[in-house]
Enquirer: 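So that we are looking at the same thing, I have put the structure below in structure tokens.
Chain naming here is simple, since letters A, B, ... match the order of the sequence lines and numbering starts at 1 in each. All heavy atoms count here, side chains included; hydrogens, waters and symmetry mates do not.
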2 protein chains.
Amino acid sequence: MKEVLPVFNSAVSIDCVLFGFDNGELKILLIERNEEPFKDWWALPGNLVGEDESVDQSASRILHELTGLSDIYMEQYYTFGEVSRHPQGRVITVAYYAMLRLGGDKALKPLTSYAKKAQWINVKELPKLGFDHQHIFDKGLEKIKRRIKHLPIAFELLPEKFTLTQVQNVYELILGKKLDKRNFRKKILSFGVLKELDEKQKGVSFRAATLYKFDRRKYAKLFGKEISF
Amino acid sequence: MKEVLPVFNSAVSIDCVLFGFDNGELKILLIERNEEPFKDWWALPGNLVGEDESVDQSASRILHELTGLSDIYMEQYYTFGEVSRHPQGRVITVAYYAMLRLGGDKALKPLTSYAKKAQWINVKELPKLGFDHQHIFDKGLEKIKRRIKHLPIAFELLPEKFTLTQVQNVYELILGKKLDKRNFRKKILSFGVLKELDEKQKGVSFRAATLYKFDRRKYAKLFGKEISF
DNA sequence: ATATAGTGTGTATTTTTTACACTAAGTAAT
DNA sequence: ATTACTTAGTGTAAAAAATACACACTATAT
């Protein structure tokens, strides 16, 4: 298959921006690096692409190795290719994002010594990140802001069963503004991707809210909202 | 600056999908290759990224070398990273698109022997393309479809001065469907980015249409249309 | 003068978006 | 059991946006 090898002009890496929602907070998954450069710094989970895997496969593998998470569907959103973005040489990085339900259950355990640990960190209290990862994160946040306005993708952040107020909280956190309760409910239900359950919220010291779940089938049929001519 | 070179795991290339509108047709810029692999095939203008240029810079340079075009603002839209997409080895490619006004004036002249020629080709009569370029093109077309519904970016395809009917033609070609004339005009003017000129279309054997031009300042302020909550 | 071909325009209807405030239900404390 | 507290849950009117729809105008060519 390989006749003439192309010149290798840059290494290629993956960086992952994983958003999670927990305890009313929007969080992002970071690792504490155990290798130079930026040893002991916080950074996005990322590493070099392998020679025998597609970039999509690579993203899943790298995320798994650094955090122990698997079966996370991530979407590619941008490739960062400034010449000096990596201090040790030319590395072009392909960025992925995903939105995730956090449940406390899944423990984060790096499977390699490349990361000391992986941790969910509130986006409002981000530490200084290595490389150009702050920039990559910023673009990722922009991306999901646009995204949740087109597809009601934010359900991925929620537990299996959730209340409408929780959904609204997620939207408000991502968009960074308050929304009207009645209008929000009308709208979100109008997408037709939520199924009302016979069940109520438990363990609260006030009127329990109805639980809903997300209908993946109907969701799959939804496409972006667009200007109509 | 470089302390430890990262492993080179893949080469990185750029491919450009340039859309142009001319003579009522939506066209795309292709080159006829003069090098293996796919010698004598049509392909998207593309080549390897240089070590001392960002991917954005690279895209401009490569386009220039293969077609003679310069000062084209291109936007990155996706990175294709399947393992075997290039028959000679691992090459991950970053795809860019742009929309361009065609005027016949600018001649296309490859500045390197890598391409025999560059030519605008009607998207309805695309030849078989080398590599996975058909796929890259398809994704690019999807991208601009979504794009023109959010920003009235389609003006980039039109000459300096144009009629509303021309604008409508472009939209109909890209979206692949007929639009209502009165509603289209109402909508497109409502964006407030068109300036009506005192001038009329020339050289037609029927009532001449009013010419408009595009107001870049107002355009810059426009952002995507979004779901409101 | 007439045929032709594209230009240019308005209104009524429907749908979507927005703004806005009170009652209902469950828990906890007394 | 009454009360206080806290969040859940609901409707309507007004404004804005989207849609559907048809004919007269005007420049040119013959």
Side-chain angles (χ1 to χ4, degrees), chain A residues 21 23-25 148-152 158-159 161-173 175 177-213 222-229, chain B residues 21 23-25 148-152 158-159 161-173 175 177-213 222-229:
Chain A
F21 176 71
N23 206 241
E25 293 172 347
I148 64 167
K149 292 198 163 196
H150 289 77
L151 274 186
L158 294 165
K161 300 170 182 180
F162 48 81
T163 69
L164 293 181
T165 300
Q166 282 179 295
V167 183
Q168 187 173 344
N169 281 342
V170 169
Y171 272 80
E172 290 178 343
L173 276 169
L175 299 177
K177 65 177 182 192
K178 288 281 169 201
L179 304 171
D180 177 85
K181 182 159 66 161
R182 277 175 294 189
N183 292 338
F184 180 82
R185 287 172 177 231
K186 219 183 300 173
K187 186 96 176 197
I188 209 78
L189 291 173
S190 78
F191 282 116
V193 297
L194 293 188
K195 210 181 294 178
E196 184 174 346
L197 301 176
D198 269 347
E199 217 172 323
K200 300 271 169 185
Q201 199 179 25
K202 290 255 156 89
V204 289
S205 70
F206 45 80
R207 175 177 179 182
T210 301
L211 291 171
Y212 286 78
K213 70 182 228 192
L222 274 182
F223 277 87
K225 183 103 197 252
E226 294 160 342
I227 293 176
S228 41
F229 280 99
Chain B
F21 177 70
N23 207 240
E25 294 171 346
I148 64 167
K149 292 198 161 194
H150 289 77
L151 274 185
L158 295 165
K161 299 170 182 180
F162 49 81
T163 69
L164 293 182
T165 300
Q166 282 178 294
V167 182
Q168 188 173 342
N169 282 342
V170 169
Y171 271 80
E172 290 178 342
L173 276 169
L175 298 178
K177 65 177 183 191
K178 288 281 168 202
L179 304 171
D180 178 86
K181 182 157 67 159
R182 278 175 292 189
N183 293 339
F184 181 82
R185 286 172 178 233
K186 218 182 302 174
K187 186 94 173 199
I188 210 77
L189 291 173
S190 78
F191 282 116
V193 296
L194 294 189
K195 211 180 293 179
E196 184 174 347
L197 302 177
D198 269 346
E199 217 171 324
K200 299 269 168 186
Q201 198 178 25
K202 289 255 155 89
V204 289
S205 70
F206 45 79
R207 174 177 179 184
T210 302
L211 291 169
Y212 286 78
K213 70 182 229 192
L222 274 182
F223 278 87
K225 184 104 198 248
E226 295 158 341
I227 293 178
S228 42
F229 281 98

Enquirer: Given side chains that start at C-beta, do those of B/K149 and B/L175 come closer than 4.5 Å, heavy atoms only?
Expert: yes
Enquirer: Please report the interatomic distance CD(B/Q166) to NZ(B/K161), rounded to the nearest 0.5 Å.
Expert: 13.0 Å
Enquirer: Kindly indicate whether the side chain of B/I188, heavy atoms from C-beta on, has any atom under 4.5 Å from the side chain of B/Y171.
Expert: yes
Enquirer: Using atom NZ of A/K202 as one end and atom P of C/dG26 as the other, report the distance to the nearest whole Å.
Expert: 13 Å
Enquirer: Would one find a side-chain N or O of A/K187 under 4.0 angstrom from OP1 or OP2 of C/dT17?
Expert: yes
Enquirer: In whole angstrom, what separates B/L189's CG from C/dT9's P?
Expert: 9 Å
Enquirer: Considering residues at least two apart in sequence or located in another chain, which fulfil the side-chain contact (heavy atoms from CB on, under 4.5 Å) criterion with B/L173?
Expert: B/F21, B/L26, B/K124
Enquirer: How does each nucleotide of nucleotides 1-9 of chain D score, in 5' to 3' order, for protein heavy atoms under 4.0 Å: base (B), sugar-phosphate only (S), or none (-)?
Expert: -----BBBB
Enquirer: Of the non-hydrogen atoms in A/Q201 and A/F206, which two are nearest, and what is the gap between them?
Expert: OE1-CE1, 4.2 Å
Enquirer: Both A/R182 and A/V204 contact DNA chain C. Taking the nearest nucleotide for each, which residue is further toward the 5' end?
Expert: A/R182
Enquirer: Among all residues two or more places apart in sequence or in another chain, which pass the side-chain contact (heavy atoms from CB on, under 4.5 Å) test with A/E172?
Expert: A/Q168, A/N169, A/K178, A/L179
Enquirer: Whole Å only: how far is the NZ atom of A/K186 from the C1' atom of C/dT18?
Expert: 8 Å
